[in-house]
Amino acid sequence: MNKISTQKAFIFLGAPGAGKGTFSQIFVRKFGWVQLSTGDLCRKHIAQGTDLGKQIDFAIKSGKLVDDVIIIDMVSQWIDEHIKMAPGIIFDGFPRTLVQARLFLELIQKRFSELVVNVIQFEIPDSLIIERLSARKTCSNKQCQAIYSLLEQSTQKSQKNGICDKCGSVLIQREDDKSETIAARLQIYHQHAQPLLDFYKNHNFIIHRINAQAPLQMVQSELEMIAGI
Ligand code: AMP
């Protein structure tokens, strides 16, 4: 099997709503990187009504994690189908558990020739996450999944109320962005974040802590600097 020549990668590690999806989309648009969002992949399966989608629907809606084996299969398949000559790749919301991190390590050793992985830890207080997620709207078109905010001070407001600027579809609130589910997702994130960071440290990954409350442009510049762009 030929090894993939993509050389740069980010692992975005952060609570839901910390900005991982937003910055992934900027890197995709601006630099032609590819984004592997396991959350987006899961939602696509559900929207298409696949067998897998039916299996994972409950976990997603209740804010729980999807089974590691299912996620790893999805990721391997995605890499086979999508990653060709992209200059960089963002792992957005993956790995989420130690089991996934171990398999991730095997996967990159097997499939990539010389991938430099920077772990980006998005730091942001839970109170702000709750505010952001409660005001987050997502494009209902599963091929688009653009993210918007209803917050007054946000730079991510859609131009037409309730409509996606990119594809014209209706904006909706994700089922798991409803307040009952946010607490469960935050709790799961905190339970796994430190063991993952310890794992990355023990395997000599470079970890960067980013203040995710800073203005969007500032965070973006910091990420570009880390990526050497
Ligand atoms: P996200 O869009 O990354 O916030 O993910 C939404 C939901 O998809 C999560 O709350 C989980 O139910 C599921 N999910 C996404 N990525 C993973 C993963 N790497 N491992 C397990 N479950 C995941």
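Both counts, for ligands and for their atoms, begin at 1 and track the order of listing. Note that the structure is predicted; figures quoted are calculated from it, not measured.
No option in Phe23, Phe27, Phe205 other than Phe27 meets the ring-ring contact (aromatic ring centres under 6.0 Å, His included) test with Phe10.
In Asp67, neither the side chain nor the backbone holds a heavy atom less than 4.0 Å from any atom of ligand 1. Counting heavy atoms closer than 4.0 Å to ligand 1, residue Arg174 contributes side-chain atoms (C-beta onward) but none from N, CA, C or O.
Atom-to-atom distance recorded for Cys164:SG and Lys166:NZ is 6.0 Å, nearest 0.5 angstrom. Between the CD1 atom of Ile60 and the CZ atom of Arg43 there is a distance of 6.5 Å, given to the nearest 0.5 Å.
For atom 23 (C) of ligand 1, the nearest non-hydrogen atom of the protein is Ile71 CD1, 3.9 Å. Scanning all protein heavy atoms for the shortest distance to atom 16 (N) of ligand 1 gives Thr38 OG1, 2.8 Å. Nearest protein heavy-atom neighbour of atom 4 (O) of ligand 1: Arg185 NH2, 3.0 Å. In terms of protein heavy-atom proximity, atom 8 (O) of ligand 1 is nearest to Ile60 CD1, 3.2 Å. Considering only non-hydrogen protein atoms, atom 22 (N) of ligand 1 sits nearest to Val66 N, 3.0 Å.
Heavy atoms from other residues, nucleotides or ligands lying under 6.0 Å from CD of Glu81 number more than 12. More than 12 heavy atoms of other shown residues, nucleotides or ligands fall within 6.0 angstrom of atom CD in Gln194. By the neighbour-count criterion of 12 heavy atoms within 6.0 Å, atom CG of Asn202 is densely surrounded, having more than that number from other residues, nucleotides or ligands.
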**Item:** Full working for side-chain hydrogen bond (donor to acceptor under 3.5 Å, both in side chains) between Thr181 and Glu175
**Value:** CA-CA 8 Å; Thr181 320; Glu175 196 69 39; over 6 Å; no
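For ligand 1, the polar-atom distance check against Cys42 finds no nitrogen or oxygen pair separated by under 3.5 Å. Annotation: Asp40 places no N or O atom under 3.5 Å from an N or O atom of ligand 1; distance criterion only. Of the polar atoms of Gly63, none of the N or O atoms is found under 3.5 Å from an N or O of ligand 1, judged by distance alone. Considering backbone and side-chain atoms alike, Asp92 places every N or O at 3.5 Å or more from each N or O of ligand 1.
By heavy-atom distance, the residue among Arg43, Lys64, Arg96, Gln100 lying nearest atom 3 (O) of ligand 1 is Arg96.
Counted by atom type alone, Gln35 and Asp92 present one or more donor-acceptor pairs between their side chains at under 3.5 Å.
Under a 4.0 Å heavy-atom criterion, Lys20 is not in contact with ligand 1.
In this structure, Pro95 and Leu196 approach most closely via the heavy-atom pair O-CD1, 3.7 Å.
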